[in-house]
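Take a look at the structure set out below.
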Amino acid sequence: MQTMSHDHSKRAAAEAAFQHIRHGDYLGVGTGSTVAHLIDVLAEHKPYLKAVVATSNDTHKRLVAAGFEVATLNETGGLDRYIDGTDEINPDLQLIKGGGGALTREKIAASAADSFICMAEAAKCVDELGAFGVPIEVIDMARSTIARQLIKLGGRPTLRARTLTDNGHPILDVHGLELGDALAMEDSLNALPGVVTNGIFARHPADIAVIAHDDDVVETRR
Ligand code: 5RP
């Protein structure tokens with residue numbers, strides 16, 4: 001059996017996710033290297049989409065370069081489908097996202113979509129979320145008060161070096177948090193004043209996961 005390269009796996013997941021797009025969709029597009037493959041597939045097939053919404057400046061640029069006109073979520077009011085990658089995914093299709101720093105706009109898009117399709121390589125599948133750490137976008141003024149609260153919650157926060165999000169905020173990456181109940185931890189983190197968004201997607205998990213394994217892509221629905 002031949003083993004798929006990292007890049008081939010991402011492309012395979014992107015092709016599988018593309019099959020879910022419908023003629024005339026309002027489509028939300030996530031951020032990251034797997035999404036870059038999705039944009040390549042979109043550019044090759046040029047489906048008719050009523051509008052495309054980007055979750056980062058990088059995705060916006062890639063979509064424009066691929067020939068798509070990009071709308072805002074305020075203009076579309078909602079999304080039929082949202083397609084994005086992930087850093088971790090568990091069997092309930094809950095996710096850790098934000099490795100690429102676009103977690104806030106990604107969570108907004110996921111919450112606004114009728115259907116959220118998540119693309120991943122099998123290596124990102126975990127039984128319990130957390131080994132990747134939890135990215136948290138914070139208001140700079142609250143960075144150290146939030147870090148102290150995170151330590152009380154059992155976490156080990158570090159400031160992501162040389163990074164400000166597209167919204168102009170720093171990111172704390174937190175390891176060591178107990179994520180057995182990911183939804184409870186997502187809500188607890190959201191309750192800390194100054195947290196913009198945390199990278200746990202338990203309240204808005206994926207509806208469909210397309211997971212690229214060595215020799216095929218497996219689809220799971222929630
Ligand atoms: C960006 C994200 C990405 O979806 C996540 O980091 C996965 O990226 P990649 O497709 O490059 O592996 O959450 O904020």
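What you see is a predicted model, and the numbers here were worked out from it, not measured in a lab. Remember, it's 1-based here, ligands and their atoms both numbered in the order they're listed. Position 1 is the first residue of the sequence; numbering continues from there.
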Enclosure of E44 CD (heavy-atom neighbours >12, cutoff 6.0 Å): yes
Closest to atom 12 (O) of ligand 1 (judged by heavy-atom distance), picking from E88, H37, E106, K124: K124
Winner among G98, G100, A14 once heavy atoms are compared against atom 13 (O) of ligand 1: G98
Cationic N near anionic O, under 4.0 Å, D207 to R221: no
Pair E88 + K124, salt bridge at N-O below 4.0 Å: no
Would you mind checking which non-hydrogen protein atom is closest to [atom], with the distance to 0.1 Å?
| atom | answer |
| --- | --- |
| atom 5 (C) of ligand 1 | D87 OD1, 3.2 Å |
| atom 7 (C) of ligand 1 | T86 O, 3.3 Å |
| atom 10 (O) of ligand 1 | T34 OG1, 2.5 Å |
| atom 3 (C) of ligand 1 | T31 O, 3.3 Å |
| atom 4 (O) of ligand 1 | K97 NZ, 2.9 Å |
| atom 9 (P) of ligand 1 | S33 OG, 3.3 Å |

Side chains of [X] and [Y], heavy atoms from C-beta outward: is any pair under 4.5 Å?
| X | Y | answer |
| --- | --- | --- |
| V217 | S9 | no |
| C125 | I211 | yes |
| L79 | D114 | no |

Give the atom numbers and elements of ligand 1 that come within less than 4.0 Å of a heavy atom of [X].
| X | answer |
| --- | --- |
| G32 | 11 (O) |
| G101 | 14 (O) |
| D84 | 4 (O) |
| G85 | 4 (O) |

With N198, the side-chain contact (heavy atoms from CB on, under 4.5 Å) member among K107, K97, E137: K107
Minimum heavy-atom distance G99-F132, with the two atoms named: CA-CZ, 3.8 Å
E121 heavy atom under 4.0 Å from ligand 1: no
Close approach, G30 and ligand 1, non-hydrogen under 4.0 angstrom: no
Near-ring test F116/H204, centroid separation under 6.0 angstrom: no
Distance-only donor-acceptor pairs under 3.5 Å for side chains of residues 32-42, two or more places apart:
from, atom 1, to, atom 2, distance (Å)
S33, OG, K10, NZ, 2.7
H37, NE2, D7, OD1, 3.4

Any N or O of A102 closer than 3.5 Å to N or O of ligand 1: yes
